[in-house]
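Inspection log for the structure reproduced underneath, given as structure tokens.
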Amino acid sequence: MTYPVKNRRLAQWVQEVAALCQPAAVYWCDGSRLEYDRLMAQMAAAGNAIPLPRRPNSFLFRSDPSDVARVEARTFISTSSRDDAGPTNNWVAPDDLKRTMLDLYRGCMAGRTMFVIPFSMGPIGSPIAKIGVEISDSPYVVCNMHIMTRVGTRVLEALGADGQFVPCLHSVGAALAPGQADVSWPCAPMAQKYISHFPEEDLIWSYGSGYGGNALLGKKCFALRIASAMARREGWLAEHMLILRLTSPAGRRYHIAGAFPSACGKTNLAMIQPTLPGWRAECIGDDIAWMKIGPDGRLYAINAEAGFFGVAPGTSNRTNPMAAATVRANTIFTNCALTDDGDVWWEGIGSPAPAHAVDWRGRDWSPGRGEPAAHANARFTAPAAQCPVISPDWERPEGVPIDIFIFGGRRAGVVPLATEAFDWEHGVFLAATASSETTAANIGAVGNLRRDPFAMQPFCGYNMADYFGHWLAMGERLGPHAPRIFYVNWFRKSADGKWLWPGYGENSRVLKWMCERVDAAAEAQATPIGYLPAADALDLGGFAIPAENLTELLRVDRQAWLAELPDIERHLARFGARLPVRMSEQVRRLRERLETDR
Ligand code: OXD
Ligand code: MN
């Protein structure tokens with residue numbers, strides 16, 4: 001068989017995979033609108049895509065109830081030495097993992113079409129962008145990839161005869177025997193799901209799941225796990241970060257990159273509508289930032305993606321009007337509920353629950369049922385270009401210069417509203433010890449506290465101790481051009497369980513303080529855990545927040561922090577001798593500051 005591609009390595013790989021997986025047909029994606037429409041029409045005709053008449057060119061899918069989120073327990077970083085994957089990753093030796101997976105892949109696409117999806121992460125031709133090719137037997141994956149990345153012939157042209165690409169092999173793991181009817185969401189049982197990464201050869205093998213980050217391999221697998229390992233080798237950063245531009249009333253621009261664990265409000269912050277008069281925000285990305293040091297020594301970021309794969313529940317005109325507007329057309333919804341008038345609905349959409357709907361599992365639903373109508377990790381896939389506040393510069397090939405890094409998590413207690421790191425090294429420590437209560441974005445218990453360093457715990461493709469070292473080294477290279485580092489917690493609750501801070505657009509008050517800190521124009525007080533906004537440093541104009549809330553939000557509870565130290569120490573101790581000494585030194589200094597009267 002010959003293929004319409006100049007790149008010999010690609011032609012050969014496609015041939016090998018076809019011989020292994022035995023699809024009924026091989027199809028090369030051109031990335032055109034026609035192709036998208038044709039595949040959607042086929043999925044609609046089969047009853048797997050439900051057209052949504054109230055949202056032009058939009059469709060609802062329902063996954064198998066066992067295949068609803070990323071599966072960290074089935075995600076592997078396969079390096080020759082276990083230590084190179086580190087304690088935060090599941091590890092199997094490459095030969096063993098490949099042997100197991102080759103057995104699964106053998107004949108796994110029987111009865112299905114094998115799609116070859118050439119894609120670019122980042123604007124095609126950008127000095128920061130990279131090319132991948134996903135092979136998948138899922139047309140749902142093809143359509144999602146069309147939205148989330150730049151797909152098609154123009155990518156093959158950029159690849160040329162000898163260009164490098166990351167091979168990303170995906171199968172839902174559900175071969176069809178001759179005459180066997182397909183199910184609406186084919187996938188394999190949990191024990192056969194494998195989301196595998198081979199960072200020593202920049203290779204991804206995914207088997208058995210059709211959902212989100214398990215299957216759209218450009219996203220978490222390539223743009224974070226494989227890219228983070230590449231970035232370390234090549235001296236740049238691949239991060240789980242939103243990118244946002246804030247413009248002050250005086251017209252000064254600030255670029256902010258923020259890392260928060262999954263389902264902690266990155267998309268909301270990326271599309272923030274500042275409540276502060278005169279401040280404007282533009283969205284550049286909501287999930288993945290790739291950053292390189294530019295010719296002027298500053299750190300430049302691009303959004304590696306072209307769309308948003310956002311959590312639907314909780315997204316409303318109040319919480320994120322820009323996301324609500326983004327998903328009015330050309331959007332794929334997964335695991336949302338369907339109303340009788342043909343629209344999607346989810347908990348927290350901002351309209352009352354319908355008297356009757358069809359829930360995410362396809363069952364009749366009514367409000368009294370006692371179960372949510374949409375899955376907690378129901379998603380929308382929508383083109384970034386449709387966001388009303390997308391920055392005109394969001395596809396700028398050279399990226400935007402970052403001034404501020406924000407880290408954070410979801411913590412009901414202890415962690416104050418905002419903290420500025422004393423310096424880069426302290427900022428790396430704050431990020432390395434970031435903590436959050438777990439959410440529904442991963443299959444597992446919700447609400448447990450876990451350390452999620454840099455919001456990268458599920459996404460770092462190598463030993464995280466080396467990752468901390470890489471960040472320390474980047475700080476040295478950036479020197480005076482290094483962005484300032486802050487830590488926030490929008491999720492503080494009172495003793496009786498009420499939110500202390502309203503969040504959303506009001507977060508602009510905290511962002512403004514950060515911008516002023518960059519310009520040395522706002523006051524901060526040194527505390528044992530970092531610099532906090534001075535009592536009157538936050539702009540609270542036109543905002544009624546009870547004084548006691550603010551006091552609590554900006555209080556450093558020494559006893560609570562001292563009680564937290566053993567957990568921080570245990571967390572860092574997991575990395576053993578590989579942990580940079582400067583990190584253990586940071587804990588020691590934190591303890592000292594907390595124990596002395598300062
Ligand atoms: C995501 C995630 O889908 O982090 O972005 O889980
Ligand atoms: Mn994410």
Side-chain angles (χ1 to χ4, degrees), residues 61 63 67-75 88 121 140-141 144-145 147-149 193 195 197 206 209-228 237-244 257-271 283-290 301 303-315 320 323 326-327 331-336 346 374-382 384 387 406-410 431 434 436-446 450 452-461:
F61 288 80
S63 80
D67 199 27
V68 291
R70 289 184 293 97
V71 281
E72 290 174 19
R74 305 296 309 160
T75 299
T88 57
M121 298 312 292
Y140 166 85
V141 163
N144 275 271
M145 288 294 284
I147 296 176
M148 294 306 298
T149 72
K193 292 192 209 295
I195 321 297
H197 308 75
S206 165
S209 167
Y211 204 87
N214 303 330
L216 314 178
L217 301 186
K219 193 173 181 60
K220 304 300 183 181
C221 298
F222 178 1
L224 290 178
R225 298 194 190 97
I226 292 295
S228 62
L237 294 170
E239 301 298 328
H240 191 203
M241 288 182 177
L242 66 92
I243 312 167
L244 139 81
F260 299 84
S262 309
C264 284
K266 275 207 307 300
T267 305
N268 292 345
L269 184 58
M271 299 178 194
C283 172
I284 293 167
D286 83 325
D287 198 43
I288 298 176
W290 281 2
N303 175 2
E305 303 186 283
F308 306 120
F309 183 65
V311 177
T315 303
N320 192 339
T326 304
V327 303
T331 298
I332 298 172
F333 296 91
T334 309
N335 286 346
C336 302
W346 52 74
H375 187 275
N377 192 39
R379 297 280 182 149
F380 54 77
T381 318
C387 178
I406 308 179
F407 296 94
R410 187 183 278 274
S436 194
E437 287 136 23
T438 48
T439 68
N442 167 49
I443 286 180
V446 170
R450 83 163 171 183
D452 190 348
F454 289 76
M456 282 288 278
Q457 146 108 12
F459 307 123
C460 184

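Counting convention: from 1, in listed order, for ligands and their atoms alike. These numbers come from a predicted model, not from an experiment.
- When each atom of ligand 1 is checked for a heavy atom of Lys220 under 4.0 Å away, the hits are 1 (C), 2 (C), 3 (O), 4 (O), 5 (O).
- For Tyr140 and Phe61, the ring centers are positioned less than 6.0 Å apart.
- Residue-ligand proximity, His240 to ligand 1, at heavy-atom distances under 4.0 Å covers atoms 4 (O).
- Under the side chain to side chain donor-acceptor pair (under 3.5 Å) criterion, Thr381 pairs with Asn144, not counting sequence neighbours.
- At least one N or O atom of Arg70, backbone or side chain, sits closer than 3.5 Å to an N or O atom of ligand 1.
- The distance from ligand 1 to the heavy atoms of Phe459 drops below 4.0 Å at these ligand atoms: 4 (O).
- Legend: residues meeting side chain to side chain donor-acceptor pair (under 3.5 Å) with Ser63, ordered by chain and number and at least two apart, are Asn335.
- For Phe260, no heavy-atom contact with ligand 1 is shorter than 4.0 Å.
- Two residues are said to be in side-chain contact when any heavy atoms from C-beta on lie closer than 4.5 Å; Leu237 and Trp290 fail this criterion.
- For the Mn ion (ligand 2), the tally of protein N/O/S atoms lying closer than 2.8 Å stands at 3.
- Remark: ligand 1 atoms within the under-4.0 Å shell around heavy atoms of Asp287 are 5 (O).
- Looking only at side-chain heavy atoms (C-beta outward), Phe309 and Asp286 stay at 4.5 Å or farther from each other.
- Closest approach of Pro261 to Ala455, counting heavy atoms only: N-CB, 3.5 Å.
- By the 4.5 Å heavy-atom criterion applied to side chains, Leu217 and Met145 are not counted as neighbours.
- Remark: Phe454 pairs with Phe407, Tyr467, Trp471 by the ring-ring contact (aromatic ring centres under 6.0 Å, His included) rule, at least two apart or across chains.
- Counting heavy atoms from C-beta on, the side chains of Asn377 and Arg379 come closer than 4.5 Å.
- Within the listing of ligand 1, atoms 2 (C), 4 (O), 6 (O) sit less than 4.0 angstrom from a heavy atom of Ser262.
- Ligand 1 lies within reach of Lys219, whose nearest heavy atom is under 4.0 Å from it.
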